[in-house]
Structures are given as structure tokens and as C-alpha cells.
Amino acid sequence: MEEINEKEARQEKQAFPENPGSILVITGLSGAGKSLCLKCLEDMDYFCVDNLLPALIPKFVQLCASSDMNRIAFVIDIRGRKFFKELQSALMEIPECGFSCQILFLEASDEILVRRFSESRRRHPLAPKGRLLDGITYERKLLEEIRGMADEIIDTSNVAPNKLKLKLVSAAGVSASTVNTLNITVVAFGFKYGVPLDADIVYDVRFLPNPYYIEDLRHLTGNNAPVKEYVLKFEETKEFLGKFLEFNKYLIPKYIREGKSNLTIAVGCTGGKHRSVVIANELAKSLEEAGYRAYAEYREIKY
């Protein structure tokens, strides 16, 4: 009998590793910014679940433990109604699956919450027909116990979205290098076909010598070595690239600081197949070498 129990214990240990990952539980007052937190965590590569019933937490965590998901975030709040009271007991079971668990509680002043609900024109879950302020007061009372369990309490009354993201970084214990994974797309395009609609930054490289007028290069693209060599051999190209790369390396951290998750840099020449492709490739390569997540696309080149 003891051998069977030991075997079961070993199987359970194999099913749930000692440290498969971490779970961040976001809870707090309605209107305090939980949905915004969830979006920020998604940008930080968390697997996020909104409004999960507390009773389902243990089973969901078990499924996660047997998968490759190691960073998970739940938003659980008063929308769960009568099920919300089961939250405390459900959270107690998380460590049994090997996950660490952090509870983040969001709150804000009554004045701010009233203003946010008025601006969004949404109903408070505890005041569907009554006064909004009464619903907020009642919710504070119901959440007193879970607030006392919180590892971190954030008052979002005067916190801008980008600052809230930084607070999440601290609460989740995520390294800055993980958070600053801005997705950068460098798009080569042709001005005669129009500027990309999603471009955040547009550069015009039509001042560079044009390979199109070289008979042997006309039917090639900037991805071919002869075109690349031709474009890069000119002194103005080298000077431009130096300033171009330096400016973007200065600019990109500013976007990250403001919480931007996706950045599209458009590089245009006349037809979008020669000069813009070469420069886009050089920029994407340089940004990758600098530690950013960057890649090049070529809108006018059909594969």
C-alpha cells in the first residue's frame, strides 16, 4: 500500500513541476482599471483570463501546469456574484500545483470612480437600478477581506496608462527587458502606391541613387545582393544610414516608455522594390542587434 502511495506521489510531482510559473490575480473595485491591466499583461506575454469563476481556478491551474504556459493572469471581481466568496479557498489551492501566486488589488477614489462610470455610461454591477455611489460603497465593503490578502494595492486615481504598466512590472516581478519587447515592423513601400495606413513613422529614401535605371538591376529587388551592393556603395547612403539608425535607436526607447506595444516604420522609394527594401533590411537588422524585436516586410514584393 505504501509503495502505491509513493508511486502516486511521484506521478503527481511529475504532473505538476515544482516551479512551472506564476499566476497574477487582478481584483479590486469596478472601474479601477482591471481591464487595462489585462491588456498590459497580454503585451507582457501573459496568458490572460477575464472574469473567471473562482471555483474553476484549481482545474484551470492544473491544465496550465501540464502545458507550457508559465505566466498567467486572472481578473476576478464582483461580477462573479455569489461565486466570488469562493475566491479565497480557490487561491489556497494554487501553490499545490506548483505555481506562485500574487494578488494585485486595484482601487480608486469615489470621485474618480463616479466620473469613470459617467464617462463610459456603464452601469455598476452592484447598482443596476440604484445610486452609483451606493454601489461603490457596498463593493468596498464586500472586497475588504480580499483587499487584506493582496500582495500589492494600487490606487489608480491619478495613474496614467503607461505608469500603470510600470507598476504592473513591479508587482509581477517581470524584468524590464521582458516588458520592453516592443514589436517593430519595418515596411518597405512604394510612394506611387500610397503610404501604408498603419505607419507610425515614414521615411523617404527617393534621394538615393535608383537601381531601377541600371538594366541588370531593374528586375531584381533589394533582397538580391547586386542591388544591395549598389545602394550601399554610395557615400550618401552610408551617411544617411548612420544618422537614420542613430535617430531610431534614440526614438524607440521613448515609445517604450510611453507604453507602446507595436511600432510600424515605413521606408518608401518610388516603386518599393529596390532602395526602400535595402534600407528596411538594414534598419531591421540593426534594431535586432540592439536587442529589439524587429523584422522587415516588403509591401510591393509579391512572393
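Because the structure is a prediction, the values reported are computed rather than measured.
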Side chains of V267 and D204, heavy atoms from C-beta outward: is any pair under 4.5 Å?
no
Which pair of heavy atoms, one from Y213 and one from R218, lies closest together, and at what distance?
CA-NH2, 4.2 Å
Does N224 use its side chain to pair, donor to acceptor, with the backbone of T221 at less than 3.5 Å?
yes
Does any non-hydrogen side-chain atom of L283 lie less than 4.5 Å from one of I184?
no
Going by the rule side chain to side chain donor-acceptor pair (under 3.5 Å), which residues pair with T264 if we only count those two or more places apart in sequence or in a different chain?
none
Ignoring hydrogens and geometry, is there a side-chain-to-backbone donor-acceptor pair from H124 to F117 under 3.5 Å?
no
Give a yes or no on this: more than 12 heavy atoms of other residues, nucleotides or ligands lie within 6.0 Å of atom CD of E288.
yes
Return yes if some donor-acceptor pair links the side-chain N/O of S286 with the main-chain N/O of L245 below 3.5 Å, else return no.
no
Main-chain N/O of G33 paired with T156 side-chain donor or acceptor, under 3.5 Å:
no
Any side-chain to backbone donor/acceptor pair from R116 onto G31? Under 3.5 Å, distance only.
yes
From L208 atom CG to C269 atom SG, the distance as rounded to the nearest 0.5 Å:
9.0 Å
Aromatic rings F244 and F240: how do their planes relate, parallel, tilted or perpendicular, breaks at 30° and 60°?
parallel
Supply the members, apart from F191, of the Ile/Leu/Val/Met/Phe/Trp/Tyr cluster built from side-chain contacts under 4.5 Å; use none for a lone residue.
F189, V195, V202
Same apolar cluster (I L V M F W Y, side chains within < 4.5 Å links), V187/V205:
no
Heavy-atom closest pair (D155 atom, A108 atom, distance to 0.1 Å) is OD1-CA, 3.6 Å
Indicate yes or no: at least one non-hydrogen side-chain atom of E236 is less than 4.5 angstrom from one of P209.
yes
Within the structure provided, determine whether I146 and F105 are in side-chain contact (heavy-atom separation under 4.5 Å).
yes
Are I72 and F60 close enough, and set up right, to give a side chain to side chain contact (heavy atoms under 4.5 Å, CB included), and what steps lead you there?
CA-CA 10 Å; I72 303 155; F60 188 83; 4.2 Å; yes
Is E42 atom CD crowded by more than 12 heavy atoms from other residues, nucleotides or ligands, each under 6.0 Å away?
yes
For A280 and A296, work out which heavy atoms get closest and say how close.
O-CB, 4.1 Å
Run the side chain to side chain contact (heavy atoms under 4.5 Å, CB included) test on D77 and N51 for me, step by step, so that the C-alpha distance in whole Å, both residues' side-chain angles and the decisive distance to 0.1 Å come before the verdict.
CA-CA 7 Å; D77 53 32; N51 201 20; 4.1 Å; yes
For a quick test of reading the model, state the closest non-hydrogen atom pair linking P226 to L217 and the distance between them.
CB-CD2, 3.6 Å
Single-linkage hydrophobic cluster I76~F47, side-chain heavy atoms < 4.5 angstrom:
yes
For residues L143 and L29, determine if any side-chain heavy atom of one lies less than 4.5 Å from a side-chain heavy atom of the other.
yes
dist D50:CG -> S35:OG (nearest 0.5 Å) comes out at 5.5 Å
Is a side-chain donor or acceptor of D151 paired with a backbone partner of I103 at a separation under 3.5 angstrom?
yes
Hey, are the side chains of K273 and L220 touching, using non-hydrogen atoms and a 4.5 Å cut-off?
no
Is the CD atom of E111 crowded by more than 12 outside heavy atoms at less than 6.0 Å?
no
Are the side chains of I112 and R115 in contact, using a 4.5 Å heavy-atom criterion?
yes
As an exercise, state the distance from CZ of R293 to CG of L263, rounded to the nearest 0.5 Å.
13.5 Å
Count the heavy atoms belonging to other residues, nucleotides or ligands that lie under 6.0 Å from CD of E239, then report whether that count exceeds 12.
no
Going by atom types alone, do R275 and T270 pair a side-chain donor with an acceptor below 3.5 Å?
yes
Looking at D110 and R140, is there a salt bridge between them, counting it only when a charged N and a carboxylate O are closer than 4.0 Å?
yes
Using the rule that two of Ile, Leu, Val, Met, Phe, Trp, Tyr join whenever any of their side-chain heavy atoms come within less than 4.5 Å, decide whether V49 and I23 are in one cluster.
yes
I'd like to know if the side chain of E139 pairs up with that of S30 as donor and acceptor (distance under 3.5 Å, no hydrogens or angles considered).
yes
Hydrophobic cluster membership, with links at side-chain heavy-atom distances under 4.5 Å among I/L/V/M/F/W/Y: are F207 and V278 in one?
yes
Trace of the side chain to side chain contact (heavy atoms under 4.5 Å, CB included) decision for Y292 with I252:
CA-CA 9 Å; Y292 295 106; I252 289 169; 3.6 Å; yes
Quickly, which of L113, I154, I153 forms a side-chain contact (heavy atoms from CB on, under 4.5 Å) with E107? Name it, please.
I153
Does any non-hydrogen side-chain atom of Y255 lie less than 4.5 Å from one of I201?
yes
Whether the side chain of E300 engages the backbone of G190 through a donor-acceptor N/O pair (distance < 3.5 Å, no angle test) should be reported.
yes
Does any donor atom in the side chain of N281 or Y298 lie under 3.5 Å from an acceptor atom in the other side chain?
yes
Within the supplied structure, the quantity of interest is the number of heavy atoms (other residues, nucleotides, ligands) at a distance under 6.0 Å from K34 NZ; does it exceed 12?
yes
Measuring from atom CD of Q102 to atom CD1 of I94, what distance do you get when rounded to the nearest 0.5 angstrom?
11.0 Å
P211 and Y230 have their tightest heavy-atom pair at CG-CD2, 3.7 Å
What verdict does the side chain to side chain contact (heavy atoms under 4.5 Å, CB included) test give for I78 and L142, after you've listed the backbone C-alpha separation in whole Å, the side-chain angles of each residue and the deciding distance to 0.1 Å?
CA-CA 8 Å; I78 207 67; L142 292 177; 3.8 Å; yes
How are the rings of Y203 and F247 set relative to one another: parallel (under 30°), tilted (30 to 60°) or perpendicular (over 60°)?
perpendicular
Least distance between heavy atoms, G272 atom then I301 atom:
O-CG1, 4.4 Å
When you group the ILVMFWY residues by side-chain heavy-atom contacts below 4.5 Å and let the links chain together, are L104 and L38 in the same group?
yes
